[in-house]
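To start, the structure under review is shown below, and the notes come after it.
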Amino acid sequence: PMKQQMVGDVRPTLLLLLCAVGMVLLIACANVANLLLARSTVRIREFGVRSALGAGRGRIVRQLLTESVLLSLAGGVLGLVLAKAAIYVLLNLLRDTLPRSEGIRLNVPVLLFTFLVAIAVAILFGIGPALKGSRVDILSSLKSGERGSTRARHRAQSSLVVVQMALTLVLLAGSGLLVRTIYSLLQVNPGFDAHHLVSFRIALSPTLTRSAPDIRSTFQQLLDRIRRIPGVEGATLTNIVPLDESDNSGPFWLGSQAPASPQDAPHALYFWTGPDYLQTMRIPLLQGRFFTTEDTAQTDRVVVIDSDLARRFFAGTNPVGRTLTVAHWGTARIVGVVGHVRHWGLDDSSSYNPGQIYIPAYQLPDTMVLDFFRDSLSIVVRSPLDTASLLGAIRQVVYGSAGDQVIYNVEPMEQVIAQSMAAQRLPMMLLGAFALLALTLATVGIYGVISYSVAQRVQEIGIRMALGAGRGDVLGMVVWRGLRLALAGLAIGIATSLGLARMLGSFSKLLYGVHAIDAPTLTAVSVVLTAAALLASTIPARRAASIDPAHALRSE
């Protein structure tokens, strides 16, 4: 489809990121709901006074919901300000990765969506604390300022913390799988040495491209001068740079007899290259030879095939010396076999992944040279020099031939490889950021619940210590409460992750070298979450262990 051709198959990735944003929103709202529950408990005397003065339960609920909505809207406005800055930073970092990035901006639909989400979450997560806060026993609240029964509140707060931990584990597991995917891709051998390679194109001067012999001579002289630059280890020309997703495929057939129907002919990816291509790219030669300067338009046509095509069509036999026919060019003799180069991505995930045929660029007929050499050739240079210094020297060579020539489309090969991993790298970065934010919120949530629990149980802790409980006993009791919540969240989160792994096929397509259900990743994120829960519980636990029993027994 034209839409997919223009923007790529990004819809599943965007839906995945939208789900991640929703999880972070739920975690943040759970934290706010916990704070509102604690706040409503502290304000129980205030609600008793309002009820005594005639305020009905509905009036108190409306007041608390209004406060929740104002809080949510204030957060939404602040979020939009931060989003404005974040979008600017992200687009500068990922401009070459995101399709049609010039259309990404804050606009009226985005603002309306944010406003509706702010109102919805304010009502959804504010209604529970509002209803609990409106249930007031007027006499007891006015007489002693009693905070009422906190068992139900503790259950609600604990449940919210468990949900936070479960959602955080899902996000951490997803980002962990993508991190392992990127690591696995970086270990893949692309079939050539990508280090110290730079590719670029040259718009030749019209005075040097009047005829096919002039074009051939101009490129040969340019390459010779580039090779003489100090530090340059190799230079060659090619029509396709590996992993840049450019396509020059077409039909071929074995021998000279064409198939009855062109649709029946197999396809191959054609690399039109110079004789130094193999040496410059450091692609291994497996059989026979590669091209030489003797392979010209006046000599017999020769080709080199890759190991995949050799295995597919010449299994158990030696392809060197056999013939094949390239459509629109002619019959040629196979003179060598080289290693397979990954062109459609480091994971070779494309369903369209034909074999590869290398053709001498200097054997092209004059009619093809006039069209092909002018517009389609890239020059690849290998040098340990940094890109800026190398290009400065190359520009002097190019401009020395003719002042009206232009170098363009400069791409270090390591940058090309990084761009080939964009489908995994962008979700990894964003999902990782969401996961870190979720981990922070979940840690704060556990800390808040445990701190609130300690504050509510001051008298109980004082009685325990007066009856002989030591600091270690109190410390262990409080930490175990936080750890118990974390373990419950981990169990639910692992079950959710396993279920989502089976359901989300689009996420599985992003992975390489690791399965969506991966025990080491789940174990690692579980350890991280458990450590975060222990850290969040230890601080209020140490505070509880330092309580003076005499002071605690006198407190209300």
Side-chain angles (χ1 to χ4, degrees), residues 19-20 22-38 125 128 150-177 179 431-457 460-461 464 471-501 517-545:
C19 292
M23 289 183 182
V24 175
L25 178 63
L26 289 175
I27 294 170
C29 290
N31 263 353
V32 174
N34 266 335
L35 291 174
L36 292 177
L37 280 171
F125 288 90
T150 59
R151 184 181 300 273
R153 288 188 175 89
H154 285 167
R155 280 200 303 268
Q157 290 176 315
S158 298
S159 300
L160 290 173
V161 168
V162 170
V163 171
Q164 284 180 296
M165 296 298 291
L167 294 176
T168 302
L169 185 137
V170 173
L171 289 175
L172 283 174
S175 61
L177 290 173
V179 169
L431 200 59
F434 297 152
L436 289 177
L437 179 58
L439 178 61
T440 303
L441 291 174
T443 304
V444 171
I446 290 182
Y447 171 80
V449 168
I450 301 301
S451 294
Y452 176 73
S453 174
V454 168
Q456 293 292 304
R457 300 172 65 185
E460 175 194 339
I461 293 173
R464 288 178 180 272
R471 291 170 55 90
D473 298 322
V474 175
L475 189 70
M477 177 186 70
V478 178
V479 169
W480 172 242
R481 170 171 164 75
L483 189 59
R484 193 168 65 244
L485 295 177
L487 293 176
L490 293 181
I492 297 174
I494 290 174
T496 304
S497 297
L498 297 178
L500 290 176
I517 301 175
D518 184 64
T521 301
L522 289 176
T523 301
V525 298
S526 298
V527 170
V528 170
L529 273 175
T530 303
L534 287 173
L535 177 64
S537 303
T538 299
I539 299 174
R542 290 173 62 87
R543 190 186 311 131

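Everything quoted here is computed from the prediction, not taken from an experiment.
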Donor-acceptor pair, side chain of Ser537 and main chain of Leu534, under 3.5 angstrom = no
Rounded to the nearest 0.5 angstrom, the CG-SG distance for Leu500 and Cys19 is 8.5 Å
Heavy-atom check, side chain of Thr530 versus side chain of Leu490, under 4.5 Å = yes
Residues in side chain to side chain donor-acceptor pair (under 3.5 Å) with Arg542, at least two apart?
-> none
Of Ile494, Val528, Leu439, the one forming a side-chain contact (heavy atoms from CB on, under 4.5 Å) with Leu169 is Ile494
Worked verdict on Leu522 versus Leu498 for side-chain contact (heavy atoms from CB on, under 4.5 Å) | CA-CA 10 Å; Leu522 289 176; Leu498 297 178; 4.0 Å; yes
Start with the C-alpha gap between Cys29 and Leu25, add the side-chain angles, then the distance that decides, and say whether side-chain contact (heavy atoms from CB on, under 4.5 Å) holds.
-> CA-CA 6 Å; Cys29 290; Leu25 178 63; 3.9 Å; yes
Taking the side chain as C-beta and beyond, is there a heavy-atom pair between Val478 and Arg543 under 4.5 Å?
-> no
Could you pull out the closest heavy-atom pair between Leu160 and Ala30, with the gap in Å?
-> CD1-O, 3.9 Å
Specify the closest pair of heavy atoms between Ala536 and Thr443, including all atoms of both residues, with the distance to one decimal.
-> CB-O, 3.4 Å
Of all heavy-atom pairs linking Thr168 and Ala438, the shortest is OG1-O, 3.4 Å
Within-4.5 Å side-chain heavy-atom neighbours: Met165 and Leu529 | yes
Which value, rounded to the nearest 0.5 Å, describes the distance between Arg484 atom CZ and Ser158 atom OG?
-> 8.0 Å
Verdict with reasoning, Arg481 to Ile450, per side-chain contact (heavy atoms from CB on, under 4.5 Å) = CA-CA 8 Å; Arg481 170 171 164 75; Ile450 301 301; 3.8 Å; yes
For residues Ala20 and Leu431, report the shortest heavy-atom separation together with the two atoms involved.
-> CB-CD1, 3.4 Å
From CD1 (Ile492) to OG (Ser497), nearest 0.5 Å = 11.5 Å
Spell out, as yes or no, whether a donor-acceptor pair under 3.5 Å connects the side chain of Gln164 to the backbone of Ile27.
-> yes
Heavy-atom pair of closest approach, residues Val162 and Leu485 = CG2-O, 3.7 Å
Tell me, do Leu441 and Leu437 make a side-chain contact under 4.5 Å, heavy atoms counted?
-> yes
For Val161 and Gly445, the nearest pair of non-hydrogen atoms, with its separation, is CG2-O, 3.9 Å
Answer whether the closest heavy-atom distance between the side chains of Val24 and Leu167 falls below 4.5 Å.
-> no
